[in-house]
Participant: 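Below is one structure. I have some questions about it.
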Amino acid sequence: MLRRPKPTDSEADLLREQQELLAAGGQSTVAVVKRPDKRRGDAAAADAQDQRNQRDVVTIEDLPDELPSLTPAPPKKSRFKQERVRFEDEDPGERLDRHDTHISAVLSRIIERDTSAVPVSLPCITGAAFPKVLHRSVMGSEGQERAPKGRKSIFARQIAAQRAKEDVQSLNSCLISDWASVTDRVGGPVLLTGQGLGIANSGMETMKIHEENQTKLQAMSQSEILEEQRKLLAQLGPRLVDFVRSRKAQRTPGSESASGPVQREDFLNEPLPNSTSPQLDHTIKEELPIKPQKEWLHMDKVEPEKLEWTRDLPAPREQSTNKAMQARFDFTGTLIPSTKDLPTHLGLHHHGEEPELAGYSLQELFLLSRSQLNQQRNLAVSTLANVLAKARAGEYISSLKGSVLSSLLDAGVLFLLRFSLDDTVEGVMSAAVHALRALLVSSDDEVRDNHLAYRLCTFDDEGLDETMKETTKEKEEKKTDHDVARQDVVKGFLKMQGLPRLRYILEVVRPSPRVVLDILEVLIRIARHSTTAATQILDCPRLMNTVIAEFLPCSWAPATSQAPSSLYGLPVALAMKLLRVLASAGRHACARILNSLGGKEVLSRFVVVEPSEMLLEAGEALRCSTEVLRLFAVAASYGQACNLYTDLYPVLVKRLQAGNWRCASSEAVLLLELDPIRALLVLLTQVTQTAGCHEELQRDLVSAQGAECPPPPPVVWSHVTGLQPTVISSLKGCVRALDGPAQMSSALILLPSYLLYMEAYYSQLCVQVGINKKEISIKASVTPEPLNKVILKTACSSGGMSSSMICNPGLSAAGGEVVSSLPGLGCSRMKTSSTIAGPNSPLSLPTALLYLLNTITSIHKGLLKKFSPLILSDSVLSYLRSCIGAMPSVSHMSAWISCHEHHLLYLLLRLAHKLVTATSVPVDPEVAKHATLFHQVSLALVSWLLPGSEYQAHELMSFVTFSHSLLPEGICGEPEMAALAELQLKDRTSLAVGALLRDALHHLPSIRGCYLTHLAHMESSVLSSRDRYLGRTPFVSSHLLPELTGPSLPSDWPFLPLISLYERMGLSAGGGHQVESLPAGSVQSVTNCLQWLLVLESWREQALTAVPPVAKLARLACVFLCSSDLFLEQPVQELTWALFRRLTRPAQLEALDLGSPPPGLASFHDLYSALLAQYEAVSFGDPLFGCFMLLPLQRCYSVTMRLAVFGEHVGMLRSLGVPLQQLPIPLEKFTSPMEDSLPLLRLYFRALVTGALKRSWCPVLYVVAVAHLNAFIFSQDAVAEVNYLCNKTSFILVLFIKVLKNHLLLFQLPQQNSELGFSIYEQLPPIRARRLESIVGTEVKGGER
């Protein structure tokens, strides 16, 4: 097998391989084709054919030693010359005569041309001595238009153009006579000859047409002739007009014809559309701001329509209509008003649809971003970045209609930015990164995270339930990038493989510092999105390795300037922050950072170095020091990296002491310098909590016996006991600094962190084994001494209520654009974000103080009375009162601050409950006066707590909500007994409401156990929330709170036992008898639920304000749908009667709207249909069940429910025997106003006539039917409607039924307390008698017919 030649083979190798190929006789893979030279003839073609059959052999024997000379060139041989036959003795002259034709053969037939009609033109007379010299430029501009087509010389084209010009001038000079005189001389048409008519006398026909034209022209006015000229010029083509002109030039002046008073030269010399003349060119050149020069390329011909853009733009004019205009932006993203006239040198005018308006629209920016020019793409993407930043800040809300951010996302700005990231030009790539940062990142939200560093928690923006993540992940794999991006922008960017591209930019492109910082901020925002997003960042190949290696080096050279040209090789605070946010996503992510990515080495390197020794800019060094301590704190909150605490203990204590000195100094301390101290205190707090769990985990490990159990942390309690004296000293220094105005702000910033550490220390000290409880109480009793000033400062502060998101829902009103696919915390749009999210937040100090006070009072209950002034302060009581009727909304913008405010309220209520229920000390009577207030706030707070606060909800329901001490209405006394005496049931056979309430108060522990049992499904959430709240760091899995779908408990949680039983045993498919027996304890559970509802409806009606009356009625109806006999149980019957009468009070009835669907149901009509079927099956004529059936039949509600009763379920009327005196609803609600539904009136009439509806069976609906029929019969003007109501015999039949006739005709007014239920006339009034006579008379006459 012969090998193929290689590029490295020499010439000798090639020759050797050729010989081997020839010797082997192989077929060549390349066919050499030599085409014959046509000039060499057939012989040469034959030789070429023979050579084609031979092999191509390279020979070098005949090559000359010297190169042949190329000049002169070898003579070319002609093939035609070879084909001629020549003889040597032939005479050349004879051969010339034989092949040459005499001129007579060409000019043998000469016909003289008639030149009588050709005009004679004289040369133009000029003042110059010599003819004008011809120039190319002059010829190109003047003669090009008239020069004949074809390849002619410049001189020939110039002469032809000059002749044509002379012909036109001569014709114009001759055409001076009128059309009539010229016609007389010519006597015929100029253009028509009649040759195409195909008849013998074509000339006569032509003259006839000519005379008709002349007659029509003479009858036309000059304006009509001009109008026809314009129409002809618009209709005729340029070639046809040129033909007319050529024919005109061939006629003599005597044969020309004119068209009336208008000269023909006007028609012929009229400039064509889209044609230019020298005068027009000169005018255009004069008007143009830039004069075209003849040296310019392709500017020899002036084209007006193409030069319009060079003119001055007209001034923008204000629109006279209210029609919306397209928004335009400048390069900084500022909106440009449509009436604003900006100079053109700003570069904002362009060749768009509206060139007079400055700025770029969003559509134009999108188009410009796909330009082939790098500068245009860069400009467009940079402008979009500025527009996105201003849109997120809400600067366009008041100026534009609609949302700019939503419009950009719908238009695909995310895809545009992703494509721009792949651009090969670094400038465009940098602009795309900046725009992506403007789209995803909110600087104010990041600042909020820095200032609220005393709590290690944030929200998960993913919006997916934990139990549905796998299913959702499978569904998203089938979705397109567009569908995912519309649902969630961050998920869409991750699905577009955005992380590998960002890694490439950082690793390969190595961009400028601004781009690096933008990329790090984008990664931080993605890491905050969810645990899944944080895991994808960690899984991206080489991304985190590049970030740590390039921006968190263990050694670096000092920066040469304040703003270095490159951040590579220098520590960057944002890179450390990225590690901290990733670690907050979960303990597994934190472990990967510490162990796999070298996080421990980073912590050791940066914690040891003082900020002043980092060889960085001062601010950047402080930020790096702060972020590394926060990262350390996050790791310690999982019980990780605690071995570094023992190694770095001297460094940490030294920093703690330096912070004490810094706070005690009289100099103003910058906020940037206080952040490392706060981060250090958070770190020490987490380490203390971890050390407190060591003994518990050690005991669990011994008792586990091989079961899975977290290992004990390497830090023990003895490692943290030495910190307490230093912290106490620093705390006292901060308290003393409150007296100095220069140090007060710094002290208020640091105080919450010191107080939180003290709380963690005492809470963990109580659970340690071997420590004397008496010593703990002594230490706790000493702690309040330095807190007197803090308590006084907190009690006198009224900023909490003014900045409360609960009391002031308007504070969370969005001032910026909100997009569901791009949730944010909305700090930039919150009206008080500077105070709430800032370091001087009014929530920080009260929350930390109440943390500590609750822990101290749990250790030493004798200290409770010292803290009563805090609870009884006017600011605190006013704040609690404002919280009672509040209806806060839940959103991502308000949830993060509402979470902290809920925490503050919880701590306040726990401390207040201890003061009210204290047994070791006398209860302060002033505090007991406000027990009702505390209980109302606790009921409201239970419904407000968000996901992640399940432990607080459990504690409230365990100790506060069902506390007998917070229900003073149940204590025996004169005012309370008077209130109970007023609440009496109208049914004397049932117990009084007062007795039911006393029984409910007696069973409060059982009621509490019932509700806690029904909340058992939240056990895992409660345990997770408890571990995070109590600082059980080894058990904390993540600092991201669950998804924000609403409060932890629904607003109708008091109905929870009833709803749970209905879901287990209720009817499905809308009715039917349920035969299964109730689970054990169901009656007691329902009884407890109804008892608690009665307590709330009687004494805490404000607690159920969030539940609409229709929802209360629908939930209470579950009593009848759960089982066939549950509502017949005596306690259930009595409590349900009491609640039903509470719901049917006049104020409640006015607010009851059955037209709106209850929460959780499609419509109330569906529920009512199920109740109708259940009533027919198992009611046994129960009055309570009957009252529920009668309530929706009021006149103010939909007629469909009344039609269902009298149409589909008319049989239930036999058992719906609710007495009129037992009906808690006024009868007028059913009878007024008059019924206007004719089908329902006909059903009323049919039920009465057929006997399906009797007063003895259903007295309420009997009165209703009689009242409506009476009003209908005696109030209608037309008899036809009565005929529709009943046929001719049925109405007469009613007249023979004496009782029904009297009730139907003599009905006067409904009276609920009377025996009949209504009053009647003694005799028929005259007006009714006449009306009845007209109806019956009509019917009788009709019958006789």
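Side chains are part of it too, since the values below use all heavy atoms of this structure and drop only hydrogens, waters and symmetry mates. Index from 1, following the sequence.
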Participant: For a 4.5 angstrom cut-off between non-hydrogen side-chain atoms, does Glu550 reach Leu506?
Facilitator: no

Participant: About how many Å separate CG of Leu368 and CG of Leu379, when rounded to the nearest 0.5 Å?
Facilitator: 6.0 Å

Participant: Distance only, no hydrogens: is a donor on one side chain within 3.5 Å (strictly under) of an acceptor on the other, for Thr332 and Thr334?
Facilitator: yes

Participant: Under a 4.5 Å cut-off applied to non-hydrogen side-chain atoms, are Leu414 and Met496 in contact?
Facilitator: yes

Participant: Is the shortest heavy-atom distance from the side chain of Glu620 to the side chain of Met614 under 4.5 Å?
Facilitator: no

Participant: Which value, rounded to the nearest 0.5 Å, describes the distance between Leu543 atom CG and Leu578 atom CG?
Facilitator: 7.5 Å

Participant: Look up atom CD1 in Ile537 and atom OG1 in Thr532, then write down how far apart they are to the nearest 0.5 Å.
Facilitator: 11.5 Å

Participant: How close do Arg328 and Ser361 get, heavy atom to heavy atom, and via which atoms?
Facilitator: NH1-N, 3.8 Å

Participant: Which is it for Asn378 and Ser382 under the side-chain hydrogen bond (donor to acceptor under 3.5 Å, both in side chains) test, yes or no, and what are the steps along the way?
Facilitator: CA-CA 6 Å; Asn378 191 357; Ser382 300; 3.2 Å; yes

Participant: Looking at every non-hydrogen atom in both residues, tell me the closest pair between Leu335 and Leu400 and how far apart they are.
Facilitator: CD2-CD2, 3.7 Å

Participant: Mind listing the closest non-hydrogen atom pair of Val628 and Met576 along with its distance?
Facilitator: N-CG, 3.6 Å

Participant: Working to the nearest 0.5 angstrom, can you tell me the gap between Leu523 CG and Asp518 CG?
Facilitator: 11.0 Å

Participant: Return yes if a side-chain donor-acceptor contact under 3.5 Å exists between Asn545 and Arg542, otherwise no.
Facilitator: no

Participant: Rounded to the nearest 0.5 Å, what's the gap from CG on Leu421 to CE on Met429? Could you check?
Facilitator: 8.0 Å

Participant: Measure the acute angle between the ring planes of Trp556 and Phe606, then classify it against the limits of 30° and 60° as parallel, tilted or perpendicular.
Facilitator: parallel

Participant: Considering all heavy atoms of both residues, which atom of Ala575 and which atom of Phe551 are nearest to each other, and what is their separation?
Facilitator: CB-CB, 3.9 Å

Participant: Salt-bridged, Asp539 to Arg592, with N to O below 4.0 Å?
Facilitator: yes

Participant: When rounded to the nearest 0.5 angstrom, what distance separates CD in Glu617 from SG in Cys624?
Facilitator: 10.0 Å

Participant: Working note: Leu579 + Val634, criterion side chain to side chain contact (heavy atoms under 4.5 Å, CB included); need CA distance, chi angles, decisive distance, verdict.
Facilitator: CA-CA 10 Å; Leu579 294 183; Val634 172; over 6 Å; no

Participant: Shortest non-hydrogen contact from Asp330 to Thr383?
Facilitator: O-CG2, 3.4 Å

Participant: Compare all side-chain heavy atoms of Tyr568 with those of Pro511 and state whether any distance is below 4.5 angstrom.
Facilitator: yes

Participant: Can you name the nearest heavy-atom pair linking Ala534 to Ala585, along with the distance?
Facilitator: CB-CB, 3.6 Å

